[in-house]
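The structure appears right after this line, and notes come after that.
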Amino acid sequence: MKLPMQKLPIIDRISLGLGNALSLLFLVAVALTVYEVVMRYAFNAPTIWVHDMVIVLSAVCFVIGGAVASQRRNHIQMASYADKAPPVVRRWLPIVCHVLTALYLAMFLWGALQFATPS
């Protein structure tokens with residue numbers, strides 16, 4: 001069931017709006033890659049910033065895309081295992097997945113801060 005945008009909670013509206021807006025960054029990344037290829041092979045003048053910019057743009061799109069996919073319930077699931085599980089297990093699977101995701105993100109943040117703090 002797909003709800004109209006105005007009936008969604010504020011966080012869901014922000015996630016979808018941001019996801020739709022930032023999806024255009026993939027086109028920017030493609031355009032920058034084309035620019036880099038042309039500069040390198042047509043003019044023999046490679047850039048030093050395009051590769052890093054494309055990686056950053058793609059990373060932002062992937063992070064926001066994960067939130068949008070979760071909101072839309074389009075994220076990859078092991079449906080064959082979930083469908084075979086008893087109803088009690090099926091009720092707890094999303095909760096366990098969210099807790100494990102939060103734990104992973106907390107550890108990722110802690111690891112990132114170990115590198116970012118000295119900088």
Side-chain angles (χ1 to χ4, degrees):
M1 175 171 109
K2 199 165 193 174
L3 293 172
M5 186 80 150
Q6 63 271 18
K7 292 190 178 187
L8 290 174
I10 186 72
I11 296 296
D12 290 337
R13 283 192 304 221
I14 290 170
S15 176
L16 286 175
L18 200 57
N20 289 335
L22 292 181
S23 66
L24 297 175
L25 288 181
F26 278 122
L27 292 176
V28 173
V30 169
L32 286 173
T33 302
V34 169
Y35 171 76
E36 168 64 19
V37 169
V38 169
M39 291 302 291
R40 176 175 300 220
Y41 296 108
F43 300 109
N44 197 23
T47 63
I48 59 172
W49 57 273
V50 170
H51 180 70
D52 294 331
M53 182 62 73
V54 168
I55 288 174
V56 168
L57 291 174
S58 298
V60 168
C61 289
F62 290 142
V63 168
I64 300 301
V68 172
S70 275
Q71 192 280 329
R72 292 180 180 172
R73 305 266 193 264
N74 287 343
H75 211 277
I76 298 170
Q77 297 179 19
M78 300 294 269
S80 59
Y81 294 117
D83 291 343
K84 293 177 184 176
V88 173
V89 174
R90 268 189 266 153
R91 273 195 302 272
W92 282 94
L93 277 176
I95 296 168
V96 169
C97 287
H98 284 87
V99 167
L100 289 175
T101 300
L103 181 64
Y104 166 78
L105 290 174
M107 289 189 299
F108 184 80
L109 178 64
W110 180 79
L113 287 174
Q114 299 304 308
F115 290 102
T117 304
S119 297

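The first residue of the sequence shown is numbered 1, and numbering continues consecutively from there.
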- Compare every heavy atom of Met53 with every heavy atom of Leu32, then report the nearest pair and how far apart it is. CD1-CG, 3.6 Å
- Message: Contact between Leu25 and Ile64 at the side-chain level, heavy atoms closer than 4.5 Å - yes or no?
- Response: no
- Task: Spell out, as yes or no, whether a donor-acceptor pair under 3.5 Å connects the side chain of Ser15 to the backbone of Ile11.
- Result: no
- Query: Do Val28 and Val60 belong together in a cluster built from hydrophobic side chains that touch within less than 4.5 Å?
  - Reply: yes
- Message: Would a single hydrophobic cluster contain both Trp92 and Val89, if residues Ile, Leu, Val, Met, Phe, Trp and Tyr are joined by side-chain heavy-atom contacts under 4.5 Å?
- Response: no
- Query: So do His98 and Ile95 actually touch side chain to side chain, heavy atoms under 4.5 Å?
  - Reply: no
- Message: Under 4.5 Å between side-chain heavy atoms, counting indirect links through other Ile/Leu/Val/Met/Phe/Trp/Tyr residues: same cluster for Leu57 and Ile55 or not?
- Response: no
- Non-hydrogen side-chain atoms of Asp52 and Val56 separated by less than 4.5 Å: no
- Task: Check whether more than 12 heavy atoms from other residues, nucleotides or ligands sit under 6.0 Å from atom CH2 of Trp49, and answer yes or no.
- Result: yes
- Query: Does Val63 share a hydrophobic cluster with Met107, counting links as ILVMFWY side-chain heavy atoms below 4.5 Å and allowing steps through other members?
  - Reply: no
- Item | Minimum heavy-atom distance Pro118-Phe115, with the two atoms named | CD-O, 3.5 Å
- Item | Point-to-point distance, once rounded to the nearest 0.5 Å, from CG of Leu109 to OH of Tyr104 | 11.5 Å
- Check whether any side-chain N or O of Ser23 sits under 3.5 Å from a backbone N or O of Asn20 as a donor-acceptor pair, and report yes or no. yes
- Item | Inter-residue atom distance Leu16.CG - Asp12.CG, 0.5 Å rounding | 6.5 Å
- Message: Go through it in stages, so that I can follow the logic: the residues are Val54 and His51, the test is side chain to side chain contact (heavy atoms under 4.5 Å, CB included), and I'd like the CA-CA distance, side-chain angles, deciding distance and then a yes or no.
- Response: CA-CA 5 Å; Val54 168; His51 180 70; 5.9 Å; no
- Residues that, via side-chain heavy atoms closer than 4.5 angstrom, fall in one hydrophobic cluster with Val37: Tyr41
